[in-house]
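Quick notes on the structure that follows.
Residue numbers run from 1 in the order of the sequence given.
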Amino acid sequence: MRSVILSCVLPATIAIAAPLGLVEKAFGAEPDKQFFRSVEGRWVGPGEIIAGKYKGTKFTCDFNGSTPASKLGMTLDGGCRVGVFTQKMSASVERKGRDGYRGTFMGGSTESGMDIVGGNVVDAQKVVFTINRKQLNGVMQARVPDGNSMTVTVAVRVNDQLVPVIGMSLKRIDSVEVGAIAKN
């Protein structure tokens with residue numbers, strides 16, 4: 001009898017809650033939304049190549065963070081500068097139903113970057129995505145410990161160990177409107 005009641009009441013409850021947006025909250029989407037909203041805005045700061053052929057190379061990045069209007073996800077789009085040279089750099093990810101998060105880092109594996117093939121929002125301050133390009137696997141982690149700073153680390157798997165290869169420390173630099181001075 002109990003299962004009969006649940007089988008009738010549960011679908012009706014979900015049908016009522018879905019238009020109100022309550023189903024997403026019930027299934028844990030709120031920390032995801034909080035994290036993605038926290039990356040909106042302009043971010044600038046230094047980075048460094050930590051390992052590999054260009055180890056020790058320092059650069060400065062400038063990104064604009066945005067979120068899609070109707071889906072869970074984010075985009076960090078901009079570039080990083082080394083001396084007089086600027087390299088376009090971006091990461092874009094969206095929730096794709098039951099497949100989890102999917103997206104691209106630096107144009108994906110069809111260009112010069114990596115595909116984002118999975119991952120999750122750990123909490124409202126941290127996200128970890130799985131990245132892949134042919135036989136190269138790794139993770140991209142972003143952490144927003146407060147409203148004005150973000151650290152991004154890209155690590156690749158070498159002999160069953162994750163080795164950090166890129167690190168960035170970004171600060172929020174949102175534009176501030178300057179109002180007119182009122183006459184006395």
Checking Arg37 side chain against Val39 main chain: does a donor-acceptor pair fall under 3.5 Å? no
Taking Val163 as the starting point, is it possible to reach Ile50 by hopping between hydrophobic residues whose side chains are less than 4.5 Å apart? no
What heavy-atom pair brings Phe59 and Thr57 nearest, and what distance separates the two atoms? CD2-O, 3.9 Å
Exercise: identify the closest heavy-atom pair between Asp62 and Arg42: OD2-NH2, 2.6 Å
Please name the pair of heavy atoms, one in Pro68 and one in Met74, separated by the smallest distance, quoted to 0.1 Å. CD-N, 4.0 Å
Identify every side-chain donor-acceptor pair in residues 143-160 under 3.5 Å, counting partners at least two apart or on other chains, and give the distances.
from, atom 1, to, atom 2, distance (Å)
Asp146, OD1, Asn148, N, 2.7
Asp146, OD1, Ser149, N, 3.0
Asp146, OD1, Ser149, OG, 3.1
Asp146, OD2, Ser149, OG, 3.2

Quick one: salt bridge (Lys or Arg N to Asp or Glu O under 4.0 Å) partners of Lys134, sequence neighbours excluded? none
Contacts of type salt bridge (Lys or Arg N to Asp or Glu O under 4.0 Å), residue Asp77, not counting sequence neighbours: Lys88
From Glu48 CD over to Lys55 NZ, what is the distance, rounded to the nearest 0.5 angstrom? 9.0 Å
Determine whether Ile49 and Met89 fall in the same hydrophobic cluster, where Ile, Leu, Val, Met, Phe, Trp and Tyr are linked whenever their side-chain heavy atoms lie under 4.5 Å apart. yes
If you take the centroid of each ring, where Trp contributes its six-membered ring, are Phe36 and Tyr101 closer together than 6.0 Å? yes
Pairing residues for Arg133 by the salt bridge (Lys or Arg N to Asp or Glu O under 4.0 Å) criterion, not counting sequence neighbours: none
Pairwise distance CE(Met114) to CG(Asn137) - rounded to 0.5 angstrom: 7.0 Å
Starting from Leu162, can I reach Ile166 by hopping between I/L/V/M/F/W/Y residues whose side chains sit under 4.5 Å apart? no
Give me each pair satisfying salt bridge (charged side-chain N to carboxylate O under 4.0 Å, His left out) with a member in residues 104-129, each pair once, sequence neighbours excluded. none
Just how far is it from atom OG of Ser90 to atom CZ of Phe105, taken to the nearest 0.5 Å? 8.5 Å
Kindly compute the distance separating OG1 (Thr75) from CG (Asn64), expressed to the nearest 0.5 Å. 11.0 Å
Give a yes or no on whether Val121 and Val128 share a hydrophobic cluster (residues Ile, Leu, Val, Met, Phe, Trp, Tyr; joining criterion: side-chain heavy atoms under 4.5 Å apart). no
For Phe63, which residues count as a ring pair (Phe, Tyr, Trp, His ring centres under 6.0 Å) partner, sequence neighbours excluded? none
Could you see if Val117 belongs to whatever hydrophobic cluster contains Met140? Use Ile, Leu, Val, Met, Phe, Trp, Tyr and a side-chain cutoff under 4.5 Å. no
In this structure, OG1 of Thr67 is separated from CD of Glu94 (nearest 0.5 Å) by 10.5 Å
